[in-house]
Amino acid sequence: MSLATLQQKITAKTAGIGIIGLGYVGLPVACLFAEAGFPVTGVDVKAERVALINAGKSPIEGREPGLAELLAAVVAEGRLRATMQYADLQTCDVITINVETPVDEQHIPRYAALQSALRALGPVLKSGALVIVESTIAPGTMARLVKPLLEETSGKRANADFYLGHCPERVMPGKLLANLRGVSRVCGGETPETAEVMMALYRHIVQAELDPADCVTAELVKTAENAYRDVNIAFANEVALICEAVGGDVWKVRELVNKSPGRNMLLPGAGVGGHCIPKDPWLLAYQAQANGAPVRLIPAARAVNDGMPFHIAALLEDALREAGKPLAGARVLVLGYAYLEDSDDTRNSPSAALVAHLRARGVEVVIHDPYVAEYQGDVYALAEGCDAVVVMVAHSAYRALDLEALKNALCGPIMVAGRRVFSRPAGWIYRGVGEGTNQA
Ligand SMILES: NC(=O)c1ccc[n+]([C@@H]2O[C@H](COP(=O)([O-])OP(=O)(O)OC[C@H]3O[C@@H](n4cnc5c(N)ncnc54)[C@H](O)[C@@H]3O)[C@@H](O)[C@H]2O)c1
């Protein structure tokens with residue numbers, strides 16, 4: 001099949017679409033292509049996830065406006081089907097790959113899922129199909145890994161027997177459908193012609209700008225935009241730590257800094273989590289570091305952000321000390337285990353780092369999170385017998401908490417705020433990120 005024929009099938013919505021990896025990204029992408037009128041086949045290695053999707057039920061627990069309804073509708077209409085069999089992709093004209101792409105403890109990309117997807121796809125790849133990697137990857141990965149592995153496993157040549165592109169995602173949990181529809185995308189093609197066909201494809205689901213590019217540019221843009229965010233959060237966190245050290249209030253400082261033209265200081269907090277922001281800066285830096293290029297700012301920002309949960313522990317120790325209690329042996333309620341407000345996503349959660357650190361220091365930790373099944377429960381009941389509460393996530397439910405009832409349930413009125421849900425509440429021994437203790 002030529003690119004021109006493929007483009008005609010895309011325009012006519014007769015192109016079969018395969019989505020490999022039905023997680024936070026792949027599932028809403030599959031739903032949107034099905035909603036647009038394409039026949040969609042989703043592949044995942046998790047049997048339970050596949051079964052849930054085929055029953056029209058979303059496996060994502062957090063607040064995702066519209067996703068559960070859309071999934072139920074497209075499954076009921078027979079336009080989306082999930083499977084564990086790669087053989088079901090052999091009739092697909094377009095295949096997107098949306099598997100996880102983590103880094104290991106040495107910050108090296110771990111592409112086990114991507115490689116296994118490519119190895120399984122190669123033998124069933126239809127001639128003339130377009131394969132688009134949507135997963136975030138280190139610059140150079142399309143050329144070094146994806147293209148050679150797919151050529152090897154399919155026995156076909158890229159840009160002749162199949163086409164290849166990279167169109168990274170810009171979604172965020174909590175806004176998956178809205179981001180997919182409304183945020184612009186970079187369509188990186190192995191050739192300019194492939195990029196054009198990709199733009200025709202994404203036009204069916206994206207209402208924002210689509211920018212054609214080559215693959216390495218798309219790889220660089222995605223990893224750079226997330227590194228940009230990480231570095232900027234690290235800056236806010238560093239200013240917060242400076243405010244604490246000199247007795248200032250980072251919230252006031254931030255407000256006034258942002259009155260200066262061109263400044264947009266972000267919010268400080270308890271750390272940076274999720275699948276993407278903590279690892280994408282390492283993906284950006286990976287090949288350059290391997291080639292000996294100087295990469296200094298990105299590791300420094302990572303260190304600042306990774307240090308924040310330990311800083312929360314230090315604030316807790318300080319607050320307990322004021323109440324005459326040692327950290328070791330204390331019982332502490334941690335509010336929020338997801339990495340993001342109103343989400344169930346616990347990947348790389350700063351709370352996990354805090355909890356592990358506290359437990360290693362002899363603290364008895366009680367965890368609550370309204371979106372994480374194992375940590376659901378009544379906050380006030382969980383607070384009974386606890387010496388302090390640590391607010392790690394700004395879930396909406398926490399804003400509605402009755403502080404008097406919480407204080408009465410705790411053994412003492414001690415609060416540490418990694419996120420500013422309550423504004424320096426009266427009558428508490430209180431420590432907040434960036435809130436110096438010597439102010440009113
Ligand atoms: N989560 C986000 O907000 C977000 C935003 C932008 C980009 N991304 C990127 O998108 C990619 C996917 O992220 P995610 O959050 O959806 O991950 P996820 O873990 O939620 O989903 C990945 C899915 O792929 C499946 N999978 C793994 N190996 C497979 C294989 N060989 N064959 C078939 N399925 C397989 C897993 O079972 C899982 O369901 C990553 O590269 C991530 O960096 C994520």
Side-chain angles (χ1 to χ4, degrees), residues 237 240-251 268-271 273 306-338 349-370 372 374-395 397-440:
N237 283 334
L241 299 181
I242 291 169
C243 285
E244 284 176 37
V246 302
D249 176 2
V250 74
W251 302 95
D306 279 348
M308 293 311 289
F310 305 103
H311 180 64
I312 299 291
L315 290 178
L316 173 65
E317 187 167 21
D318 191 46
L320 285 165
R321 190 181 301 121
E322 186 177 323
K325 296 180 183 178
L327 182 68
R331 185 178 158 99
V332 173
L333 173 62
V334 170
L335 293 185
Y337 200 77
S349 160
S351 299
L354 172 73
V355 168
H357 178 68
L358 290 179
R359 285 186 173 147
R361 295 197 56 193
V363 176
E364 192 187 337
V365 183
V366 178
I367 305 167
H368 175 268
D369 194 300
V372 181
E374 61 189 303
Y375 300 129
Q376 286 164 351
D378 179 66
V379 172
Y380 308 104
L382 292 171
E384 295 283 347
C386 287
D387 298 296
V389 60
V390 180
V391 184
M392 288 294 282
V393 186
H395 287 315
Y398 295 153
R399 297 189 187 281
L401 282 176
D402 176 343
L403 281 189
E404 275 312 299
L406 184 60
K407 193 159 64 172
N408 291 338
L410 292 165
C411 295
I414 299 176
M415 179 186 290
V416 175
R419 311 280 169 189
R420 206 192 207 196
V421 175
F422 310 104
S423 191
R424 198 172 269 276
W428 290 75
I429 297 175
Y430 174 86
R431 300 287 185 277
V433 168
E435 299 182 60
T437 48
N438 66 344
Q439 48 180 305

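Owing to the predicted nature of the structure, the values given are computational and were not obtained by experimental measurement.
Smallest separation of non-hydrogen atoms from Arg359 and Val365: NH2-O, 3.3 Å. Here the closest heavy-atom approach between residue Asp318 and residue Arg431 is recorded as OD2-NE, 2.8 Å. Nearest heavy-atom pair, Leu320 versus Ala330, reported as atom, atom and distance to 0.1 Å: CD1-CB, 3.9 Å. Across all non-hydrogen atoms, the minimal contact from Ala319 to Ile429 is O-CG2, 3.7 Å.
In this structure a side-chain-to-backbone donor-acceptor pair under 3.5 Å is present from Asp369 to Ala338. Tyr337 places no side-chain N or O within donor-acceptor distance of the main-chain N or O of Glu374, the cut-off being under 3.5 Å. Side chain of Gln376 to main chain of Pro370: a donor-acceptor pair is present (N/O by atom type, distance under 3.5 Å, no hydrogens or angles). A donor-acceptor pair is defined here as one N or O able to donate and one able to accept, closer than 3.5 Å; no such pair exists between the side chain of Asp249 and the backbone of Cys243.
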Which donor-acceptor pairs under 3.5 Å do side chains of residues 379-387 form with protein atoms, sequence neighbours excluded?
from   : atom 1 : to     : atom 2 : distance (Å)
Tyr380 : OH     : Asp402 : N      : 2.8
Asp387 : OD1    : Lys325 : NZ     : 3.0
Asp387 : OD2    : Arg331 : N      : 2.8

Which atom pairs, donor and acceptor, lie under 3.5 Å between side-chain atoms of residues 403-420 and protein residues at least two apart or in another chain?
from   : atom 1 : to     : atom 2 : distance (Å)
Asn408 : ND2    : Glu404 : O      : 3.3
Arg419 : NE     : Met392 : O      : 3.1
Arg419 : NH2    : Gly271 : O      : 3.1

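With rounding to the nearest 0.5 Å, the separation of OH in Tyr430 from CZ in Phe422 is 9.5 Å. Taking CZ of Arg321 as the reference point, atom CG of Leu327 lies at 9.0 Å (rounded to 0.5 Å). Summarising the geometry, atom CD belonging to Glu435 is positioned 7.0 Å from atom OG belonging to Ser423; distances are rounded to the nearest 0.5 Å.
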(request) Carefully, step by step, assess Leu335 and Val421 under the rule side chain to side chain contact (heavy atoms under 4.5 Å, CB included). (result) CA-CA 11 Å; Leu335 293 185; Val421 175; over 6 Å; no
(message) Walk me through whether Ser351 and Ile367 qualify under side chain to side chain contact (heavy atoms under 4.5 Å, CB included).
(response) CA-CA 9 Å; Ser351 299; Ile367 305 167; over 6 Å; no
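Proximity of His311 to Asn237: side-chain heavy atoms (C-beta onward) are nowhere separated by under 4.5 Å. Between Leu241 and Met308, some side-chain heavy-atom pair lies under the 4.5 Å cut-off.
Relative ring orientation between His357 and Phe310 is described as perpendicular, the plane-to-plane angle rising above 60° on a 0-90° scale split at 30° and 60°.
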